[in-house]
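Below: one structure, written as structure tokens.
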Amino acid sequence: MWVRRMRYSVEEKGTKVIVRGIADFNLKETFESGQCFRWNEEDDGSYTGVAYDRVVNVKLEGDTLIIDNTNLTDFYDIWFDYFDLGRDYGQIKESLSKDPVLKEAIKFGQGIRILRQDTWETLVSFIVSQNNRIPQIKKVIENLATSFGNPIEYKGKIYYTFPKPEELVMYDVETIAKTRCGFRAKYIFDAASKVFSGEINLLKLHEYSTSEIRDILMTINGVGPKVADCVILYSIGRYDTFPTDVWIKRIVEHLYLKREGTPVEIQLFAIDKFGDLSGFAQQYLFYYGREMGKKIFGERKK
DNA sequence: CGCCAGGGCTAGC
DNA sequence: GCTAGCCATGGC
């Protein structure tokens with residue numbers, strides 16, 4: 001019900017696809033809301049990133065989205081869904097704004113969208129994220145790509161695709177650890193092994209219920225509730241999911257509960273409150289909490 | 001130096 | 001079922 005036919009005009013021009021009629025989209029808010037790790041800002045405010053074995057540059061000028069180094073086929077096959085362009089975020093924000101806290105949070109990230117990312121890359125990225133900081137997560141993911149991915153050129157620079165399971169299982173844990181991923185190397189290897197062997201079929205996850213997907217992902221060593229929920233939200237697109245990390249826990253405790261709670265309690269509270277829009281609410285609250293900074297939450301214990 | 005990071009595993013109750 | 005201690009690495 002939250003997917004409405006959006007009215008865009010789409011035009012291919014040289015190496016670019018130009019989309020007019022874009023609303024509720026801000027590149028910085030979307031790329032820096034902690035859901036993805038391979039987009040980097042250029043001097044002109046555009047972002048260059050690698051996803052689905054492609055490197056593109058995206059720029060927003062008013063209501064016009066310009067995607068460079070692509071074509072119409074890729075736009076409809078990949079980028080339309082990747083940027084969630086079929087969804088009316090205006091309606092989502094309107095509905096969530098009935099909650100006064102969310103109404104305030106949304107002001108800080110009016111242009112946040114939830115990207116539809118590749119499941120394998122999302123899985124590994126959030127394995128890397130555990131007990132780690134975002135700049136370090138980005139470095140490790142780049143190391144994985146340059147070490148084990150394939151080179152692709154764009155504007156005279158070499159970028160690297162994210163390595164597939166079959167490109168990782170041929171190495172051992174010690175080699176994977178050279179990417180500075182630390183103790184997570186064995187987790188990455190186990191994920192690659194289970195996907196490569198077919199024990200876990202990422203392409204069929206969407207056929208299962210959310211809790212079944214959770215159970216399947218958590219059979220991987222190093223994948224717990226938080227990592228599984230991030231995969232479910234950011235790549236499967238189940239929006240009744242509320243990934244609960246230390247930050248969102250502090251934020252919910254501070255803004256709603258007015259007391260401390262367990263992660264499970266926080267999650268159940270949020271999903272009960274936000275329902276099918278929980279994932280969006282989480283993203284707005286997370287960005288809001290991070291923008292408000294450690295001044296408010298920093299001194300609290302986890 | 002110690003502390004902690006978008007967690008999860010393990011051992012010990 | 002619950003939790004404290006641990007985990008690699010790096011920034012402060």
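Naming: A, B, ... by sequence-line order, numbering from 1 per chain. These figures come from a predicted structure and were not determined experimentally.
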Can the ring centres of [X] and [Y] be said to be less than 6.0 Å apart?
X: Phe280(A); Y: Tyr89(A); result: yes
X: Phe108(A); Y: Tyr287(A); result: no
X: Tyr239(A); Y: Phe274(A); result: no

Once you round it to whole Å, what is the distance between [atom2] of [N] and [atom1] of [X]?
X: Ile248(A); N: dG7(B); atom1: CD1; atom2: P; value: 12 Å
X: Gln267(A); N: dG7(B); atom1: CD; atom2: P; value: 14 Å
X: Lys139(A); N: dT9(C); atom1: NZ; atom2: P; value: 14 Å
X: Lys178(A); N: dG10(C); atom1: NZ; atom2: P; value: 13 Å
X: Ile266(A); N: dG7(B); atom1: CD1; atom2: P; value: 14 Å
X: Asn143(A); N: dA8(C); atom1: CG; atom2: P; value: 18 Å
X: Lys249(A); N: dA5(B); atom1: NZ; atom2: C1'; value: 15 Å
X: Phe183(A); N: dC4(B); atom1: CZ; atom2: C1'; value: 12 Å

What nucleotide, of [options], holds the atom closest to the side chain of [X]?
X: Lys226(A); options: dG10(C), dC7(C), dG8(B); value: dG8(B)
X: Asn131(A); options: dC7(C), dC9(B), dG11(C); value: dC7(C)
X: Arg133(A); options: dA5(B), dG8(B), dC7(C); value: dA5(B)

Pair [X]-[Y], side-chain donor/acceptor within less than 3.5 Å:
X: Thr48(A); Y: Asn57(A); answer: yes
X: Thr241(A); Y: Asp229(A); answer: no
X: Tyr76(A); Y: Asn71(A); answer: no
X: Glu61(A); Y: Thr64(A); answer: no

Pick out the pairs of N or O atoms, protein on one side and nucleotides 10-13 of chain B on the other, that lie under 3.5 Å.
none

**Study point:** Distance below 4.0 Å between Lys186(A) side-chain N/O and dG8(B) OP1 or OP2
**Key:**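 So the side chain of Lys186(A) is outside the cut-off, no N or O lying under 4.0 Å from OP1 or OP2 of dG8(B).
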Point to revise | Contact under 4.0 Å: Arg180(A) side-chain N or O vs dG10(C) OP1/OP2 | key: yes
Categorize [X] for me: base, sugar-phosphate, or nothing, with a 4.0 angstrom heavy-atom threshold over every strand shown.
X: Tyr234(A); value: base
X: Pro135(A); value: nothing
X: Gly222(A); value: sugar-phosphate
X: Val140(A); value: nothing
X: Phe126(A); value: nothing
X: Ser33(A); value: base

Exercise for review: For Phe286(A) and for Val223(A), locate the closest nucleotide of DNA chain B by heavy-atom distance; then report the residue assigned to the nucleotide nearer the 5' terminus.
Suggested key: Phe286(A)
Revision key, fill the gap. OG (Ser211(A)) and CD1 (Ile216(A)) are apart, to the nearest 0.5 Å, by 9.5 Å
When the side chains of residues 173-181 of chain A are checked against the rest of the protein, which donor-acceptor pairs come out under 3.5 Å, sequence neighbours left out?
from, atom 1, to, atom 2, distance (Å)
Thr175(A), OG1, Asp172(A), OD1, 2.5
Thr179(A), OG1, Ile176(A), O, 2.7

Check your understanding: With rounding to whole Å, what would you report as the distance between dA11(B) and dA8(C) at their P atoms?
Key ->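 It works out to 15 Å between them.
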Check your understanding: Is it the case that Arg113(A) places NZ or CZ above or below the six-membered ring of Phe25(A), under 6.0 angstrom from the centre and within 45 degrees of the axis?
Key ->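 Verdict for Phe25(A): a cation-pi partner in Arg113(A).
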Exercise for review: Decide yes or no, distance alone: a donor-acceptor N/O pair under 3.5 angstrom between the base of dC7(C) and the side-chain of Arg184(A).
Suggested key: no
Review point. Would you write out the dot-bracket form of DNA chain C, 5' to 3', with Watson-Crick and G-U pairs under 3.5 Å, [ ] for crossing pairs, | for pairs to other strands and . for unpaired bases?
Key: |||||||.||||
Check your understanding: Quick one: does Arg184(A)'s side chain get under 4.5 Å of Phe189(A)'s, heavy atoms only?
Key -> no
